There are 2 protein chains.
Amino acid sequence: MKPLSIGQVADRGGIGVETVRFYERQGLIEEPPRSKSGYREYPEIIVSRIRFIRRAKELGFTLKEIKELLSLRLDPATTCADMKSRAETKIADIEARIRSLRKMKDSLVKLTAACNDRVTANECPILEALDQEP
Amino acid sequence: MKPLSIGQVADRGGIGVETVRFYERQGLIEEPPRSKSGYREYPEIIVSRIRFIRRAKELGFTLKEIKELLSLRLDPATTCADMKSRAETKIADIEARIRSLRKMKDSLVKLTAACNDRVTANECPILEALDQEP
DNA sequence: CTACACCCTGTACCATACTACAGAGTCAAG
DNA sequence: CTTGACTCTGTAGTATGGTACAGGGTGTAG
């Protein structure tokens, strides 16, 4: 089991070398031991750690939240219920963002529909709407 | 029609004084004339300009996009169809973001459902999923 | 032995949309 | 005339998630 260089870790994790160092600075991955010349020497396990980070990012977690998830994972007192609760909070969060985006979309759809009604007129309903009183 | 001070403009527009200056630096509002002591003196119309910015932001446009909308508005060659096309691009954009969020949500919902199935087990399906191979 | 890829630290930079000063000048009320 | 609120410029900081050097040292293949 030879230790991995930072470049090998980056490749296997599907991220950049700079990003690995960035995650280290952010406390998402711990500082690995160094070779006598100062090179970082990673155990294989770090790759799954990076995969964890990537998957969690895909699920909408921020790096700050992922840091918490990672420390939860290491804590033997963490229960499945703890993780579930985090996931549920994030679900609520995502739902709120979806609702907000849907509101934007609905307004825009209404405005473009109004455009269709008066293709010939010079005044544009979109510009008019944007000038409305609060 | 007395000119408005930057503070009055900020109050009426519902934004901060620093933000008014920031918008000026960003080219979203033009530089107003100055009093003999160097104070900015705004015409009333600037307030609707700021309202325009605020409403467009609420619709999901970035400041950069809003800057374009504002210059389109001033250009007499701009047609309602131009505005409609911008709005449609933004709608597509918002829909993509909604789809992406929904994907995240679905994955999280599945994971929390898996949690329910094995409340007694020690291993957590969420942590397991995050450790999966790419 | 030389070339070239890789690694090191530290710092600065990208976009986004502000926000917060410092240090100075101005305006209006009492 | 003083006091306090307001304004000025310019710069720097906030959060987010990286990316890009510069200017060195290291490791290995031919």
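Keep in mind the model is a prediction, meaning the values are calculated, not measured. Throughout, a chain's letter reflects where its sequence line sits, starting with A, and its residues are numbered from 1. No hydrogens, no waters, no symmetry mates; every other heavy atom, side chains included, goes into these values.
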Ionic contact status for Lys2(B) with Glu41(B), cut-off 4.0 Å: no
Taking all atoms of both residues into account, what is the closest heavy-atom pair of Gly14(B) and Arg54(B), and its distance? CA-NH1, 3.9 Å
What parts of residues 57-68 of chain B reach DNA chain D, counting only heavy atoms under 4.0 Å away? none
Do NZ/NE/NH1/NH2 and the carboxylate oxygens of Lys103(B) and Glu58(A) come within less than 4.0 Å? no
Nucleotides bounding contact with chain B, strand DNA chain D, heavy-atom threshold 4.0 Å: dC6(D) to dT9(D)
So CZ of Phe61(A) and CG of Leu70(A): to nearest 0.5 Å the spacing works out to 11.0 Å
Kindly determine whether Arg49(B) and Glu30(B) satisfy salt bridge (Lys or Arg N to Asp or Glu O under 4.0 Å), including the steps that lead there. CA-CA 10 Å; Arg49(B) 187 87 172 235; Glu30(B) 70 250 66; 3.3 Å; yes
Length of the CZ-P vector between Phe22(A) and dA12(C), whole Å: 17 Å
Round to the nearest Å and state the distance from Ile29(B) atom CD1 to dA17(C) atom P. 15 Å
May I ask you to test the Lys90(B)-Glu65(B) pair for a side-chain heavy-atom distance under 4.5 Å? yes
Could you state the OH-C1' distance from Tyr23(B) to dA17(C), rounded to the nearest angstrom? 7 Å
For Ser35(B), answer base if it contacts any base atom (sugar-phosphate contacts may also be present), sugar-phosphate if it contacts only those atoms, and nothing otherwise; contact means non-hydrogen atoms under 4.0 Å. nothing
Send over the distance from Gln26(B) CD to dT19(C) P, rounded to a whole Å. 13 Å
Write down the atom of Ala56(A), the atom of Leu69(A), and the distance for their closest heavy-atom approach. CB-CD1, 4.5 Å
Is any NZ, NE, NH1 or NH2 atom of the basic residue among Glu31(A) and Arg40(A) found under 4.0 Å from an Asp or Glu carboxylate oxygen of the other? no
Nearest-Å distance for atom pair OH/C1', residues Tyr42(A) and dC8(C): 12 Å
Interatomic distance, Glu41(A) CD vs dC7(C) P [rounded to whole Å]: 12 Å
Both conditions, 6.0 Å and 45 degrees, for the charged tip of Arg73(A) above the ring of Phe52(A): are they met here? yes
Between Gly38(A) and Arg25(A), which is nearer to the 5' end of DNA chain C once each is assigned its nearest nucleotide? Gly38(A)
Roughly how many Å is it from CZ in Arg21(B) to P in dA22(C), rounded to a whole number? 15 Å
Atom CD of Gln8(B) and atom P of dC27(C): how far apart are they, to the nearest Å? 14 Å
Choosing from dG10(C), dC7(C), dG25(C), which nucleotide comes nearest the side chain of Ser5(A)? dC7(C)
